[in-house]
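I have placed the structure first, in the form of structure tokens, so that the comments after it can refer back to it.
Each chain gets a letter, A, B and so on, in the order its sequence line appears, and its residues count up from 1.
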Amino acid sequence: MSEEPREKPSNFIRDIILEHNASGRFGGNVITRFPPEPNGYLHIGHAQAISIDFGLAREFGGRCHLRFDDTNPTKESQEYVDSIIDTVRWLGYDWGQHLYYASDYFEQLYAWAVQLIKAGNAYVDDLTQEQISEYRGTLTEPGRESPYRNRSVEENLDLFARMRAGEYDDGTKTLRAKIDMASGNINLRDPVMYRIRKASHHRTGDAWCIYPMYDWAHGQSDSIEGITHSICTLEYEDHRPLYDWYLDQLGVHHPQQIEFARLSVSHIITSKRKLLELVQQGIVSGWDDPRMPTLAGLRRRGYTPEAIRDFTERVGTAKAAKVVDIALLEHCLREDLNRRAERRMAVLRPLKLVIENYPEGQVEAMEAVNNPEDPAAGTRKVPFSRVLYIEQDDFRDPAPPKYFRLSPGAEVRLRYAYIVKCTGVERDSAGQVTTVRGTYDPDSRGGDSRGRRVKGTIHWVSASHSIPAEVRLYDHLFAAPRPDDADDWHTALSPSSLEVVRSARLEPALAGSDRGSRFQFERQGYFCVDERDSSPSQLVFNRSVGLRDTWAKIESKG
RNA sequence: UGGGGCGUGGCCAAGCGGCAAGGCGCGGGACUUUGGAUCCCGUAUUCGGAGGUUCGAAUCCUCCCGCCCCAACCA
């Protein structure tokens, strides 16, 4: 298959790098990094950052580091580190030997802090958290200087050493940068650099009881690694002057920070707090529930890394806040899977169809194309017999206008098999159709209508040869495009985000399908074998995304 | 009332003084043994608004309006 080289859309970050390369600013180097905090699962929003960081490095022949900004031991854990590593790798990116942790730089950061103290640019503050907040002022009023702001260098050095030594309790002292309490930029009002936290860190254990704030650690970590382009989201634009200040005071390598608008998608939420609530309240089955916007969830849902990468490229990189329609994400998946997924027949809600003129006991192996988009995928045999199952939706009595499927007296093609004509219906006492009867045309073997006009083609399975399966029909977790706009986001939850169908019957070729394998169930959508709950004896499929359904549109319009 | 950003069709997004790319979606048609895919065609006299500069402005200037972020010892 040929990958049509879709031209990458230009964006302002690429333009900036091009300028740097032209001026020789970083000697033509492009070294980026993806810097997650290991305190949660990565979601679709992170995918764009990953794609930009790694993508740009790849495009310009540079490299991208994976660095964990693990500066807050009370919120971080190895579990998250592992899951993030696994996810980034799954997405298809490689950082080579460049796996780093901000915690690896704690000693250097400490030395630099001492350097700032010596230069009179940092001080130990005894104000409580509440007092610091009061002294900071407000958005419109300047702050006030802490009474401890002018301690001597010697005293600060001594106090800071004792903070490190563990002589003080949590929260009793901080190290602060001495910048400008009247700055319009609140980040510059003597930001805290270190806080006391007598907590074990997932990597450094109990070696430290003071931990650097993200703002103090981040820029210097970038500098240590020789990062040239430090790409981040818009909310850090205000922090850039602070990072610049630190770097300039220290006189070390100074990366260029560039900010872009984070990605959000319609019909989902990405708030960590809300996602956690979904999991804890059992509204979803876990962080990898196929309805979750986490990359683990999308993966289990059947999304391919290729589709997600394509999506992140198509949404573009800019500075305007955006909420991309989830339809684009789904389109990317369909486009990818249409090309790659083999087709199979599966009947979700079986309705018995008896071919009255087909010999009892006879079985034919009908040849079916595995993937019309890819001849190399070959063909397979599907057993045909007298008693079949068809989809309940594919029979209607009476038939509505423009309905091309089966109804009394009507003809339809059974895909890859025969043309059949409906001759009768059996109903139970409640009037529900229990069996459809029909006759087949022996001359139409393979589905050849030989010039006849047969508009409808439906899928089927042989009742006795089919195998059972559970199929989970997933839909958007939220019915509303912007769940966060609701007064209470819970009310935006869709009641039909999951429908479990336990009665599905599959063509026998699906038996023993590997976990994670993906198929198109003809006329229905793309499905994958659930990685967690499926087993060879109890197959479980997840619907990744449905096929475009023109008939549903026609019917809903009346 | 402070600081920082952003406003191009339903949703994204190119454009950087020469007269509105593209994608998704939507509507219509062709084709079709998936009402799938594919292929055509259509979808902003107009770029948040008002002035101004210019032969000419989405692009430059001025003012106004709207939206987002910032007052964690979170990241």
Side-chain angles (χ1 to χ4, degrees), chain A residues 6-7 9-11 15 35-37 39 69 71-72 74-76 125 127-129 132-134 136-143 170-176 182-189 191-197 210-211 213-215 217-218 233-241 259 261 263 266 314-332 334-335 338-339 343 345 368-369 372-373 402-405 413-417 419 444 446-449 454-459 481 520-525 546-555:
Chain A
R6 183 165 30 226
E7 204 172 303
S10 102
N11 69 58
D15 292 344
E37 182 193 16
N39 73 338
D69 275 333
T71 54
N72 187 352
T74 62
K75 292 188 173 171
E76 299 153 5
D125 197 356
L127 253 29
T128 64
Q129 190 162 347
I132 286 181
S133 178
E134 284 169 35
R136 185 147 31 226
T138 68
L139 292 180
T140 54
E141 299 160 323
D170 282 14
T172 57
K173 282 182 166 48
T174 56
L175 182 73
R176 295 230 257 164
S183 174
N185 182 344
I186 288 173
N187 294 120
L188 263 18
R189 319 241 266 226
V192 171
M193 294 167 66
Y194 278 94
R195 73 285 215 183
I196 300 171
R197 276 266 148 86
I210 56 172
Y211 289 94
M213 296 293 291
Y214 171 86
D215 278 347
H218 187 76
T233 45
L234 251 27
E235 63 269 32
Y236 291 104
E237 211 152 20
D238 284 352
H239 298 238
R240 181 157 34 106
E259 309 86 4
L263 166 66
S266 72
R314 289 214 214 187
V315 297
T317 304
K319 297 189 74 160
K322 63 170 140 243
V323 179
V324 176
D325 194 329
I326 197 167
L328 177 60
L329 213 210
E330 296 172 338
H331 168 82
C332 291
R334 286 194 195 99
E335 190 174 85
N338 174 51
R339 221 165 39 217
R343 317 281 123 129
M345 290 198 283
V369 172
E373 305 296 321
K402 296 206 185 129
Y403 185 78
F404 304 148
R405 283 110 97 144
R413 174 187 296 104
L414 295 179
R415 176 137 241 227
Y416 297 127
I419 309 291
S444 63
D448 183 0
S449 58
V454 179
K455 286 215 82 169
T457 298
I458 64 174
H459 59 277
Q520 182 198 99
F521 288 175
E522 295 225 15
R523 302 207 307 133
Q524 308 200 92
L547 247 29
R548 275 189 59 207
D549 191 347
T550 307
W551 165 243
K553 273 183 196 170
I554 294 171
E555 198 176 28

Take nucleotides 2-7 of chain B nucleotide by nucleotide from the 5' end and write B, S or -, depending on whether a protein heavy atom sits under 4.0 Å from the base, only from the sugar-phosphate, or from neither. BBSSSS
Spell out protein contact along nucleotides 30-36 of chain B as letters: B when the base is contacted, S when just the sugar-phosphate is, - when no protein heavy atom is under 4.0 Å; keep the 5' to 3' order. ---BBBB
Please determine, for [N], whether a Watson-Crick or G-U wobble partner exists with both distances under 3.5 Å, and give it or none.
N     : answer
B/C67 : B/G5
B/U59 : none
B/U32 : none
B/G42 : B/C26

Rounded to whole angstrom units, what separation is found between the [atom1] atom of [X] and the [atom2] atom of [N]?
X        : N     : atom1 : atom2 : result
A/Arg314 : B/A14 : CZ    : C1'   : 16 Å
A/Tyr214 : B/C74 : OH    : C1'   : 11 Å
A/Glu134 : B/A72 : CD    : P     : 12 Å
A/His331 : B/C11 : NE2   : C1'   : 14 Å
A/Arg339 : B/U38 : CZ    : P     : 10 Å
A/Ile132 : B/C74 : CD1   : P     : 10 Å
A/Lys322 : B/U8  : NZ    : P     : 12 Å
A/Met213 : B/C73 : CE    : C1'   : 6 Å

Report which part of the nucleic acid [X] touches: base, sugar-phosphate, or nothing (heavy-atom distance under 4.0 Å, all strands).
X        : value
A/Ser133 : sugar-phosphate
A/Tyr211 : nothing
A/His218 : nothing
A/Val369 : nothing
A/Ile326 : nothing

pair [X]-[Y]: side-chain heavy atoms closer than 4.5 Å:
X        : Y        : answer
A/Ile458 : A/Leu414 : yes
A/Thr71  : A/Met213 : no
A/Pro191 : A/Asp215 : no
A/Val369 : A/Arg343 : no
A/Leu329 : A/Val324 : no

Mind telling me if B/A72 is syn or anti? Syn here is a glycosidic angle within 90° of 0. syn
Integer angstrom distance from the [atom1] of [N] to that of [M]:
N     : M     : atom1 : result
B/C12 : B/G2  : P     : 29 Å
B/G4  : B/C40 : C1'   : 48 Å
B/C67 : B/A72 : P     : 24 Å
B/C11 : B/G18 : P     : 28 Å
B/G28 : B/C64 : C1'   : 43 Å
B/U53 : B/A58 : P     : 16 Å
B/G22 : B/C65 : C1'   : 30 Å
B/C47 : B/G7  : P     : 15 Å

Considering the options A/Arg523, A/Glu522, A/Arg413, which one meets the side chain to side chain donor-acceptor pair (under 3.5 Å) requirement together with A/Thr457? A/Arg413
Side chain to side chain contact (heavy atoms under 4.5 Å, CB included) assessment of A/Lys319 paired with A/Glu237: CA-CA 11 Å; A/Lys319 297 189 74 160; A/Glu237 211 152 20; 2.5 Å; yes
For the residue pair A/Thr74 / A/Asn72, report whether a side-chain donor-acceptor contact shorter than 3.5 Å exists. yes
Hey, which of these two, A/Glu235 or A/Ala261, hits RNA chain B nearer its 5' end, going by closest nucleotide? A/Ala261
Does any N or O in the side chain of A/Arg195 come within less than 3.5 Å of the main-chain N or O of A/Gly171, such that one atom is a donor and the other an acceptor? no
Parallel, tilted or perpendicular: rings of A/Tyr236 and A/Tyr214 (30°, 60°): tilted
Working for salt bridge (Lys or Arg N to Asp or Glu O under 4.0 Å), residues A/Arg240 and A/Glu259: CA-CA 9 Å; A/Arg240 181 157 34 106; A/Glu259 309 86 4; 2.6 Å; yes
Looking at A/Arg136, I'd like to know whether one of its side-chain N or O atoms comes within less than 4.0 Å of OP1 or OP2 on B/C73. yes
Between A/Thr128 and B/C73, does any side-chain N or O lie under 4.0 Å from OP1 or OP2? no
Side chain of A/Lys553 only, heavy atoms from C-beta on: which candidate in B/A13, B/C24, B/C26 is closest? B/C26
Shortest non-hydrogen contact from A/Arg176 to A/Leu127? NH2-CD2, 4.2 Å
